[in-house]
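None of the values given here were measured: they were computed from a predicted structure. Numbered from 1 within each chain, the chains take letters A, B, ... in sequence-line order.
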There are 2 protein chains.
Amino acid sequence: MMDSLLVKNVLLDGARTDILIENHRFRSLNAPEGTVADEAIDADGMAILPPFYNTHTHAAMSLLRGYADDMPLQKWLRDYIWPYEDKLTAADIREGSRLAVREMVKTGTVFFSDMYFDIEETIRIVQETGMRAAIGVTFVEAHSKSQLAEKLDMLSHWSDPSGGLITLTVAPHAIYTVGPDLLVRCSETACRLGLKLHIHLSETQKEVEDCLREQGTTPVRYLDRLGVLGPEVVAAHVVHVDDEEAEILAARGVTVAHCPCSNMKLASGVFPYERLRKAGCRITLGTDGDSSNNNLDMREEMKFAALLAKVSSGDPAAMPAEEAFAIATRNGAEAFGFDAGVIAVGKLADALLVRLDDERMLPCHHLLSNWVYAAGSSCIDTVICNGRILMKNRIL
Amino acid sequence: MMDSLLVKNVLLDGARTDILIENHRFRSLNAPEGTVADEAIDADGMAILPPFYNTHTHAAMSLLRGYADDMPLQKWLRDYIWPYEDKLTAADIREGSRLAVREMVKTGTVFFSDMYFDIEETIRIVQETGMRAAIGVTFVEAHSKSQLAEKLDMLSHWSDPSGGLITLTVAPHAIYTVGPDLLVRCSETACRLGLKLHIHLSETQKEVEDCLREQGTTPVRYLDRLGVLGPEVVAAHVVHVDDEEAEILAARGVTVAHCPCSNMKLASGVFPYERLRKAGCRITLGTDGDSSNNNLDMREEMKFAALLAKVSSGDPAAMPAEEAFAIATRNGAEAFGFDAGVIAVGKLADALLVRLDDERMLPCHHLLSNWVYAAGSSCIDTVICNGRILMKNRIL
């Protein structure tokens with residue numbers, strides 16, 4: 001097992017330096033000449049950047065990439081996605097997770113927050129890869145009593161086989177698939193076990209209308225009334241919220257996982273970025289599953305987030321490159337409690353080495369602008385997670 | 001000089017075949033065993049697809065990539081772009097064009113319609129590369145009489161050094177930089193010489209408001225009143241048009257070059273795709289310059305076009321993958337009069353070979369869906385233009 005890694009001749013904040021990683025953390029950002037390590041990488045012509053933290057996905061849905069597109073949401077779900085999912089075996093989930101994890105690492109992602117089923121298969125694949133993950137134990141109202149008991153038991157007795165890289169989340173699917181009692185039980189379980197609660201929230205106008213009809217209020221207010229909203233909650237999508245709901249989310253410390261491509265492709269609506277940002281919400285980025293995106297490329301997702309924020313607000317200064325970069329990197333790490341997401345001494349060593357000689361990165365007036373607006377994931381040469389190399393020279 | 005090329009074991013419409021290219025054209029899509037050619041490519045594991053035709057860009061602005069972002073349009077232009085451009089030398093234009101052309105070929109583009117200055121430099125670079133281009137001779141009101149005469153002379157005496165790959169266009173910059181007399185003169189020149197007329201049109205709300213104030217009507221109606229609109233016109237952006245203007249553009253046979261990333265990034269507005277499509281306009285795709293995109297990646301641009309059409313119309317079925325693909329490929333070829341843009345016997349041999357074993361292309365339920373929504377330009381292995389290989393195994 002490699003304990004130390006020296007990244008030589010790398011560009012950090014515009015200056016060339018050697019970076020020493022020891023015991024999973026950045027030990028020095030300016031290692032003196034003569035520093036030795038178990039392994040060394042010559043990063044000449046490359047910049048070091050924090051990697052991506054994908055805060056909402058369904059990894060094994062890679063199997064459904066391109067299976068059904070360009071149709072209304074209900075038809076998409078009922079005639080294509082759900083019937084396909086009914087036929088998926090554990091072996092399928094394993095293969096789908098493997099494909100997704102390969103895609104994620106090759107596009108610079110070191111962590112994903114997942115919500116799907118047969119999660120043992122996904123956990124095994126993540127463990128083999130050496131990346132981080134928060135795997136959702138999904139709850140829907142349709143589960144039987146014994147299924148529920150099994151899930152709660154799994155959450156209570158979870159022991160991370162990877163020694164700190166993999167955690168579980170309590171993942172009630174959504175307010176329209178989970179009733180109030182089970183939502184509250186999920187919330188209590190998450191709080192008791194110190195786990196995150198991962199849920200789809202206010203994704204479509206239909207969800208809001210149904211909630212108004214059935215609960216007499218909007219989804220965010222409904223969850224708040226149930227006492228479910230708190231700093232452990234990571235709510236995906238959050239497209240349809242008003243000013244007061246944005247303030248409620250901020251006041252409760254909820255993290256909002258923005259999924260621009262999915263919201264655009266399914267025509268769910270336009271994410272109210274400025275509203276949530278001004279309210280003080282922590283905003284992170286997610287790709288959603290391959291079936292509604294249709295990739296897991298967080299670099300592309302950053303560009304979609306920034307350009308959507310600009311055109312929808314009419315303000316080209318909305319979500320500048322630095323903010324798009326923050327929601328895709330350190331905000332996601334923070335939301336899941338990782339001491340990572342920035343290149344700094346003492347932080348967990350998650351990083352990308354990005355080739356600066358690619359045409360898309362030239363000239364380099366502004367590295368983050370090039371990274372957000374111009375780059376392609378193929379500019380990523382090396383992916384480091386927890387001090388360990390997951391990809392080098394684009395080879396996994 | 002290679003006269004024939006055999007592309008072996010390639011996937012075309014789901015079936016494996018050998019494709020013979022002779023004298024710049026597809027000769028056979030099902031070449032018999034034993035066919036010989038001057039050169040052969042083994043395309044095992046790859047699909048053949050038409051390449052991209054980028055119908056609006058400013059190639060040499062690659063030099064300004066990331067130079068200024070995330071600010072209001074007028075500040076961007078006046079404080080950054082224009083002062084920078086004032087300092088550009090012919091050598092700069094050459095380097096910028098070289099960088100752009102490399103970026104374009106590596107991302108699968110074989111043609112671009114350009115509008116900039118010092119065009120001799122750009123023409124030389126295009127000629128070296130072997131790609132197609134329509135290079136705009138730009139007109140602005142500020143030009144002196146002798147500059148105008150020189151430009152008109154260049155248009156009249158143009159002789160393509162590449163033997164059919166490079167043409168000129170008459171490119172009055174926009175209605176707010178070119179007065180009515182010069183617009184009419186440009187139009188007459190284009191018609192007389194059988195050239196395209198390339199112009200920015202209805203890009204921003206400000207352009208519409210200024211035109212209403214100064215001309216008493218909207219930009220499209222103003223140009224129509226001048227008699228400038230015809231099938232030779234390629235109008236870039238066309239963001240702000242009403243139903244009647246869409247019908248005028250369709251009736252005159254104008255081609256509309258849609259630039260979604262630029263319109264989103266500069267917050268110019270949302271392209272009225274459904275309105276223009278329903279009116280019967282020919283719609284093509286363009287990246288605009290690297291300074292407002294910030295890349296020339298037409299694959300990414302297709303995804304932006306499709307997802308923007310969906311979210312802005314509220315209809316996930318708007319601009320399905322096939323339409324996004326058409327505007328990026330054959331519509332562009334058609335607009336500029338190339339007998340190309342589809343893989344068919346007798347057509348000019350422009351093509352991409354795309355790797356199907358990349359994670360982003362797997363599984364392959366629907367090739368065009370994967371190509372538009374999931375792929376990255378790094379999936380492109382080989383670029384063929386006019387029967388000649390511009391890139392192979394990702395090497396130019």
Side-chain angles (χ1 to χ4, degrees), chain A residues 62-73 76 99-100 102-103 106-107 260-261 263-270 290 293-297 300 303-304 306-308 310-311 313-322 359-360 362-370 373-378, chain B residues 62-73 76 99-100 102-103 106-107 260-261 263-270 290 293-297 300 303-304 306-308 310-311 313-322 359-360 362-370 373-378:
Chain A
S62 64
L63 296 177
L64 285 84
R65 189 197 324 264
Y67 177 63
D69 305 285
D70 306 326
M71 60 184 75
L73 186 70
W76 179 70
L99 177 61
R102 288 179 63 94
E103 188 190 348
K106 287 182 85 171
T107 51
C261 282
N263 299 157
M264 292 176 76
K265 184 159 184 285
L266 298 173
S268 305
V270 173
D290 267 329
N293 186 311
N294 293 348
N295 63 38
L296 306 174
D297 183 343
E300 195 173 86
K303 183 169 179 177
F304 270 95
L307 269 53
L308 180 65
K310 293 172 196 304
V311 75
S313 65
D315 179 7
M319 203 191 289
E322 289 77 3
E359 284 81 7
R360 308 168 75 125
L362 293 170
C364 194
H365 295 295
H366 181 177
L367 177 61
L368 281 193
S369 166
N370 281 0
Y373 298 127
S377 61
S378 59
Chain B
S62 64
L63 296 176
L64 285 84
R65 190 197 323 265
Y67 177 63
D69 305 285
D70 306 325
M71 59 184 75
L73 186 70
W76 179 70
L99 177 60
R102 288 179 61 93
E103 187 191 349
K106 287 181 84 170
T107 52
C261 282
N263 298 157
M264 292 176 77
K265 183 159 183 286
L266 298 174
S268 304
V270 172
D290 267 329
N293 186 313
N294 292 350
N295 63 38
L296 306 175
D297 183 343
E300 194 174 88
K303 183 169 179 176
F304 270 95
L307 268 54
L308 180 65
K310 293 172 197 304
V311 76
S313 66
D315 179 7
M319 203 191 288
E322 289 78 2
E359 284 80 7
R360 305 168 78 125
L362 293 170
C364 193
H365 294 295
H366 181 176
L367 177 60
L368 281 192
S369 165
N370 280 1
Y373 298 127
S377 61
S378 59

Selection from B:Lys265, B:Glu322, B:His366, B:Lys106 maximising heavy-atom pairs under 4.5 Å formed with chain A: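 Result: the option with the highest number of such pairs is B:Lys265.
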Would you call [X] and [Y] a side-chain contact if the rule is heavy atoms closer than 4.5 Å?
| X | Y | answer |
| --- | --- | --- |
| B:Asn295 | A:Lys303 | yes |
| A:Leu63 | B:His365 | no |
| A:Leu307 | B:Cys261 | yes |
| B:Asn263 | A:Val311 | no |
| A:Ser62 | B:Glu359 | no |

List the atom of [X], the atom of [Y], and the distance in Å for their closest heavy-atom pair.
| X | Y | value |
| --- | --- | --- |
| A:Pro72 | B:Pro316 | CA-CG, 3.6 Å |
| B:Gly314 | A:Ala267 | C-CB, 3.5 Å |
| A:Leu362 | B:Leu99 | O-CD2, 3.4 Å |
| A:Ser369 | B:Gly66 | OG-CA, 3.4 Å |

With a 4.5 angstrom heavy-atom cut-off, is it the side chain or the backbone of [X] that approaches chain B, or both, or neither?
| X | value |
| --- | --- |
| A:Asn370 | side chain |
| A:Ala321 | both |
| A:Leu266 | backbone |
| A:Leu368 | neither |

Does any heavy atom of chain A fall under 4.5 Å from the side chain of B:Leu64, the backbone, both, or neither of them? backbone
Where do A:Arg360 and B:Thr107 land on the side chain to side chain donor-acceptor pair (under 3.5 Å) test, with the steps shown first? CA-CA 10 Å; A:Arg360 308 168 75 125; B:Thr107 52; 5.9 Å; no
Under a 4.5 Å heavy-atom cutoff, which of A:Leu296, A:Asn293, A:Asp315 has the most pairs with chain B?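 Ranked by heavy-atom pairs under 4.5 Å with chain B, first place is A:Asn293.
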With chain B, the option among A:Ala375, A:Ser313, A:Ala374, A:Ser377 that has the most non-hydrogen atom pairs under 4.5 Å is A:Ala374
side-chain hydrogen bond (donor to acceptor under 3.5 Å, both in side chains) partners of B:Glu103, counting only residues at least two apart: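 So B:Glu103 forms a side-chain hydrogen bond (donor to acceptor under 3.5 Å, both in side chains) with B:Arg65.
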If you round to the nearest 0.5 Å, how far is OH of B:Tyr373 from CD of A:Glu300? 12.5 Å
